[in-house]
Amino acid sequence: MDRIAINDLTKDYGQGRGIFGVSFSVHKGECFGFLGPNGAGKSTTIRHLMGFSTPDKGYAAIDGVVTVKDRSKALENVGYLPGEISLPGALTGREFIKEQSELKGLSDYAFADWLTALFQLDTSLRCKDMSMGMKRKLTIVVAFMSDPDILVMDEPSSGLDPKMQEVFIELVKAEKKRGKTILMSSHIFSEIDSCCDRIAVIKDGKIVSIIDSDVIKHNEKKNYRLRFKNRKDYDAFANSQEGKSKAVDRDEKDLAMIVNVEDEDINTFLMSLKGLAIDDLSEIKLTLEDYFMSFYKEDRTFGGL
Ligand SMILES: Nc1ncnc2c1ncn2[C@@H]1O[C@H](COP(=O)(O)OP(=O)(O)OP(=O)(O)O)[C@@H](O)[C@H]1O
Ligand SMILES: [Mg+2]
C-alpha cells in the first residue's frame, strides 16, 4: 500500500529551475531515499509533498489525501524535518518542544525526553544560542517525538557530527523496524545505503532513476553492463527478460542497460544473448556512490563502470 504518492509533480521556476514530472511512491513500512546534488529539486519536491507550495501540474498525496487540498488531514500522522531550519530564537529548546507538543496535541513527553537524551541535546539553551548541529538535533526530536507513522525528512543529518550521524541512522533503522514509512533526502551515501529500501536519483528537476538498494548491496547478484549494436536487438533482449535476471537501469539512447543476474542464472542469462548483436558486455561492481555518480558524467556510461 502506498502511503506517499507523488505523481507528475511539476513546478517551473523558469530558466530550467524547478521540478518536472516527478513521480514516485513510498510504500507502507518502506524507507525511501532521495538523492541529488545541490539544486536538483529535493527540497522543492518535499515542500510540495508537505503542501507548502502549489504545483503547476501533478499532485502529492499522503494516505490518498492531496496535501495541498487538505493539509491538516494529510499531515495528521506525519513527522516533518525541514531542510532549512528556522526556529524561534527567543525560546529555549525545552519551550520549543513544549510548543510543538501542544500543537500536535501531545501531553506525554517521555519519547521527547528519550530522544533528547539519545542526541545529548541541552534543551535549556535558547534556540538562537544553539549551534547548527544542536538545532538539527532539536528538529529531529520534534519530528520523531509524536511517534508519527510517516516521517518526511529533508537532509536530516546534515550538520551532525559523525557519531551523531550514526545515532541518527540507528534511530531511523529502529523506527523502520517498527513499521514507519520514511522518505528522506540526503547527500550522505552511507546513510542512504544503510537505511533505505529504494532510492530515487533526481537530476535537474527530473527523476532519472529509482533502484532497489538490494541491487547495490547484494553480492550474490552480479551486474552486467550490456550495449547493443542496434535497437532491434536491444528491444528483443529487453522484452525477453523474465525470471531472475532483471534490467535495473536502461539507457535507451546508448542502447545500453545494466542487468542484475542471480549467480545461479548466469548461464541462462548468457544463453539469452545468443544471436543478438552486442557491442559491449562487462561485469560491473556497483556501489551507491558509483551508481549516483554515473548520472553526473557528461557522457552517461553508467559511471564508466
Ligand atoms: N521559491 C523558488 N523560486 C525560484 N526558484 C526556486 C525556488 N525554490 C527552488 N528554486 C530553484 O529550484 C531548483 C531546485 O531547488 P531545491 O531547493 O529543490 O534543490 P535541492 O535538491 O533541495 O538542493 P540542496 O541539495 O542544495 O538542498 C534550484 O534551481 C532552485 O534555485
Ligand atoms: Mg534542499
Side-chain angles (χ1 to χ4, degrees), residues 4-26 31-62 66-68 71 75 78-87 131-133 135-140 142-143 150-162 164-165 168-169 172 182-193 195-196 198-211 213 288-298 300:
I4 295 175
I6 292 181
N7 186 38
D8 198 23
L9 199 65
T10 301
K11 181 77 163 196
D12 190 347
Y13 290 120
Q15 295 172 316
R17 294 179 175 180
I19 51 171
F20 307 95
V22 169
S23 297
F24 62 85
S25 53
V26 186
C31 183
F32 191 94
F34 203 23
L35 270 177
N38 297 134
K42 302 178 296 298
S43 299
T44 304
T45 304
I46 289 176
R47 276 200 310 271
H48 280 80
L49 172 63
M50 294 301 292
F52 298 139
S53 298
T54 307
D56 297 335
K57 209 169 91 179
Y59 66 86
I62 295 178
V66 174
T67 42
V68 88
R71 229 177 98 207
L75 303 184
V78 177
Y80 172 54
L81 197 153
E84 277 168 32
I85 303 176
S86 148
L87 296 168
S131 71
M132 199 55 218
K135 288 179 185 164
R136 184 65 67 185
K137 289 175 180 183
L138 184 56
T139 56
I140 293 174
V142 168
I150 299 171
L151 287 150
V152 177
M153 302 186 278
D154 192 359
E155 292 187 42
S157 67
S158 74
L160 295 185
D161 65 39
M164 286 300 152
Q165 272 178 10
F168 176 74
I169 287 172
V172 171
I182 301 165
L183 168 65
M184 66 179 188
S185 75
S186 178
H187 291 289
I188 304 166
F189 295 117
S190 58
E191 178 175 274
I192 294 281
D193 226 358
C195 299
C196 296
R198 283 190 305 146
I199 299 152
V201 179
I202 186 166
K203 181 186 179 187
D204 300 333
K206 293 180 184 147
I207 301 282
V208 288
S209 174
I210 299 179
I211 191 166
S213 66
L288 181 57
E289 192 168 347
D290 292 332
Y291 185 74
F292 178 76
M293 293 310 286
S294 75
F295 295 99
Y296 295 92
K297 303 259 168 172
E298 277 296 296
R300 180 165 177 229

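Values below: every heavy atom of this structure, side chains too, minus hydrogens, waters and symmetry copies. When a ligand or atom number is given, it counts from 1 through the structure's own listing order. None of the values given here were measured: they were computed from a predicted structure.
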Quiz item: Of the backbone atoms (N, CA, C, O) and the side-chain heavy atoms from C-beta on, which set of Arg47 has a member under 4.0 Å from an atom of ligand 1: side chain, backbone, both, or neither?
Solution: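 Answer for Arg47: side chain.
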Exercise. Could you list which atoms of ligand 1 come closer than 4.0 Å to a heavy atom of Gly18?
Key: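 Near Gly18, the atoms of ligand 1 are 12 (O), 13 (C).
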Quiz prompt | Per-atom contacts, ligand 1 versus Ser43 - under 4.0 Å to a heavy atom | solution = 17 (O), 18 (O), 20 (P), 22 (O), 27 (O)
How far is [atom] from its nearest protein heavy atom, and which residue and atom is that?
{"atom": "atom 29 (O) of ligand 1", "result": "Arg17 CG, 3.4 Å"}
{"atom": "atom 2 (C) of ligand 1", "result": "Tyr13 CE2, 3.5 Å"}
{"atom": "atom 25 (O) of ligand 1", "result": "Lys42 NZ, 2.8 Å"}
{"atom": "atom 27 (O) of ligand 1", "result": "Glu155 OE2, 3.4 Å"}
{"atom": "atom 26 (O) of ligand 1", "result": "Asn38 ND2, 3.0 Å"}
{"atom": "atom 18 (O) of ligand 1", "result": "Thr44 OG1, 2.5 Å"}

Quiz prompt | Flag, side chain of Ser23 to backbone of Asp8, donor-acceptor distance under 3.5 Å | solution = yes
Quiz prompt | Ser53 (side chain) donor-acceptor with Arg47 (main chain) under 3.5 angstrom | solution =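 Checking the backbone N and O of Arg47 against the side chain of Ser53, no donor-acceptor pair under 3.5 Å is found.
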Quiz item: How are the rings of Phe34 and Phe24 set relative to one another: parallel (under 30°), tilted (30 to 60°) or perpendicular (over 60°)?
Solution: tilted
Self-check item: Residue from Glu191, His187, Arg136 passing side chain to side chain donor-acceptor pair (under 3.5 Å) with Ser157
Solution: Glu191
Quiz item: Do Pro37 and Phe292 come close enough that some side-chain heavy atom pair is under 4.5 Å?
Solution: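 Yes; the side chains approach each other to less than 4.5 Å.
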Quiz item: Got a sec: is Ser43 within less than 2.8 Å of the Mg ion (ligand 2) via an N/O/S atom?
Solution: yes
Quiz item: Quick one: which of Leu183, Ile6, Asp154 gives a side chain to side chain contact (heavy atoms under 4.5 Å, CB included) with Thr45?
Solution: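 Looking at Leu183, Ile6, Asp154, the match for Thr45 under the side chain to side chain contact (heavy atoms under 4.5 Å, CB included) is Ile6.
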Practice problem: Identify which of Gly36, Ser185, Gly39 has a heavy atom lying nearest to atom 14 (C) of ligand 1. | Solution: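 Result: the heavy atom closest to atom 14 (C) of ligand 1 is in Gly39.
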Quiz prompt | ligand 1 to Thr45 polar contact by distance, N or O atoms, under 3.5 Å | solution = no
